[in-house]
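Structure first, commentary second.
On a predicted model such as this, the values are computed, not experimentally measured, just so you know. Here is how names work: the chains are called A, B, and so on, in the same order as the sequence lines, proteins then strands, and each is numbered from 1.
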Amino acid sequence: MSTLTETPALTKKDFESNQDVRWCPGCGDYAVLAQIQKLMPTLGIPRENFAFISGIGCSSRFPYYMETYGMHSIHGRAPAIASGLKLARPELSVWVVTGDGDALAIGGNHFIHAMRRNIGLKIILLNNRIYGLTKGQYSPTSELGKKTKTTPLGSIDRPFSPVAVALGAGATFVARTVDADQAHMAQVLKRAAAHEGTAFVEIFQNCIVFNDGAYDAITDKSVRDDARLLLEHGKPLLFGKNRDKGIRLRGLEPEVVTLGENGVSAADLVVHDEAAEHGGLAFFLSQFDAPKFPVPLGVFRAVSQPSYEVMNEQLHADARERRGRGDLAALFNSGDTWTIK
Amino acid sequence: MALMITDECINCDVCEPECPNNAISQGDEIYVIDPAKCTECVGHYEESQCVAVCPVDCIVLDPNHAESKEQLHEKFLRLTATPA
């Protein structure tokens, strides 16, 4: 008789909590939740080693619905809290679920510094380009001219590209996908889960109540192939219903070209390289937007750099080797101390 | 009639675990119902479980698979019969 207890294989069901999901009917968040719950049991990580940390917003209800450890934390501060957790327990798989308001407005500071440090967090940003929880004010990703409750004459704020912000902050894994394309989302999330260091994924997500149809151009089957560019490492930047359009670089100027026109062939197109150290191509792609360019989806950048928690562990190990184990009481009494009378 | 999922589906995956016949699965674009397994919940429940939970009301009767209550019940018996 074996003395070992067999651990039964986990399924999606094991990651569903008993809470009723309280997003609006038709919200894109459901599809993201389903794909993440499907991904979890495939990662070979014990369920007790997952933690989902969120801030405030519709997306931040996520931890309630995951049968894992988690924290619904402070507005914009999820990356800071998750960073603390990852440093204290580097063996955990720590996920941050956030939104365009939580990550880019109130939490912009924490967001960029998590990526600058390359700490091992998976940061999933559900971008619906609106403040949904507070009923429809413009967000840092709302487009110029957008009319909302707080911009009745149209917004004059220029929007952030979350991908460009992440790249600018030095993120080592940057990707984008869309709620309506479950196969693509599954593939991108799987890549993010496997990345060492900060993995950032922007998910275009439809807010059916306050910003419905924001991504129709890239999700509607009849038009999407001409409006989106699926990035594949090592493959030319090719798109279009007939796969006959591509991206060519003229010096530092990208342009859309049609194969077969003016002698353009596939050999003239830019080949996607997500592993390029400089990230220059990734930044070019992060600037692509309709109507001039197709919207890129997929992995913009995936490079390998030492993660913060590993470097931190090394720092401690080296210090212990040089000077032995620390003694807090001795440290307190080591320098100038005085008593206030 | 068997049920079918229309392209209003948002891939939320709420219906799939509710189906007592395991007739629902993730398709290429949206979730799909296998008409050979769908009994509209006849034999299991009073109402179709997927229709009850769908947040966008995109599950409708499949006009290509017209079946009476009796036929659905026979299908239920076939599906739940223990193999000889």
Next item on the list: Write out, in numerical order, the residues from residues 24-41 of chain B with a heavy atom short of 4.5 Å from a heavy atom in chain A.
Entry: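 Result: B:Gln26, B:Gly27, B:Asp28, B:Glu29, B:Ile30, B:Tyr31.
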Next item on the list: Tabulate, in ascending numerical order, the residues of residues 44-65 of chain B having at least one heavy atom closer than 4.5 Å to a heavy atom of chain A, or enter 'none'.
Entry: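 Result: B:Pro55, B:Val56.
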Check: From A:Gln182 CD over to B:Ile10 CD1, what is the distance, rounded to the nearest 0.5 angstrom?
Finding: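 Going from CD on A:Gln182 over to CD1 on B:Ile10, the span is 11.0 Å.
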Check: At what distance, to the nearest 0.5 angstrom, does SG of B:Cys12 lie from CG of A:Leu33?
Finding: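 Reported to 0.5 Å precision, the distance equals 9.5 Å.
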Item checked: Within residues 215-237 of chain A, residues adjacent to chain B where the heavy-atom gap is under 4.5 Å ->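 The list, in residue order, reads A:Lys221, A:Arg224.
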Next item on the list: Write out, in numerical order, the residues from residues 36-72 of chain A with a heavy atom short of 4.5 Å from a heavy atom in chain B.
Entry: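 Expected list: A:Lys38.
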Notebook entry, point to check: Are B:Val14 and A:Tyr30 close enough, and set up right, to give a side chain to side chain contact (heavy atoms under 4.5 Å, CB included), and what steps lead you there?
Noted result: CA-CA 8 Å; B:Val14 168; A:Tyr30 286 94; 4.2 Å; yes
Notebook entry, point to check: So does B:Glu8 have more than 12 non-hydrogen atoms from other groups sitting under 6.0 Å from CD?
Noted result: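 Atom CD in B:Glu8 is not crowded, with 12 or fewer foreign heavy atoms closer than 6.0 Å.
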Notebook entry, point to check: Under 6.0 Å from the NZ atom of B:Lys69, do we count more than 12 heavy atoms belonging to anything else shown?
Noted result: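 No, NZ of B:Lys69 has 12 or fewer neighbouring heavy atoms, counting only those of other groups under 6.0 Å.
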Item checked: Engaged part of A:Cys24 at the chain B interface, taking heavy atoms whose separation is under 4.5 Å ->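 Answer is neither: A:Cys24 stays 4.5 Å or more from chain B.
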Check: When only pairs under 4.5 Å are counted, which of A:Gly26, A:Ala34, A:Ala180 shares the most heavy-atom pairs with chain B?
Finding: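 Greatest number of close heavy-atom pairs with chain B: A:Gly26.
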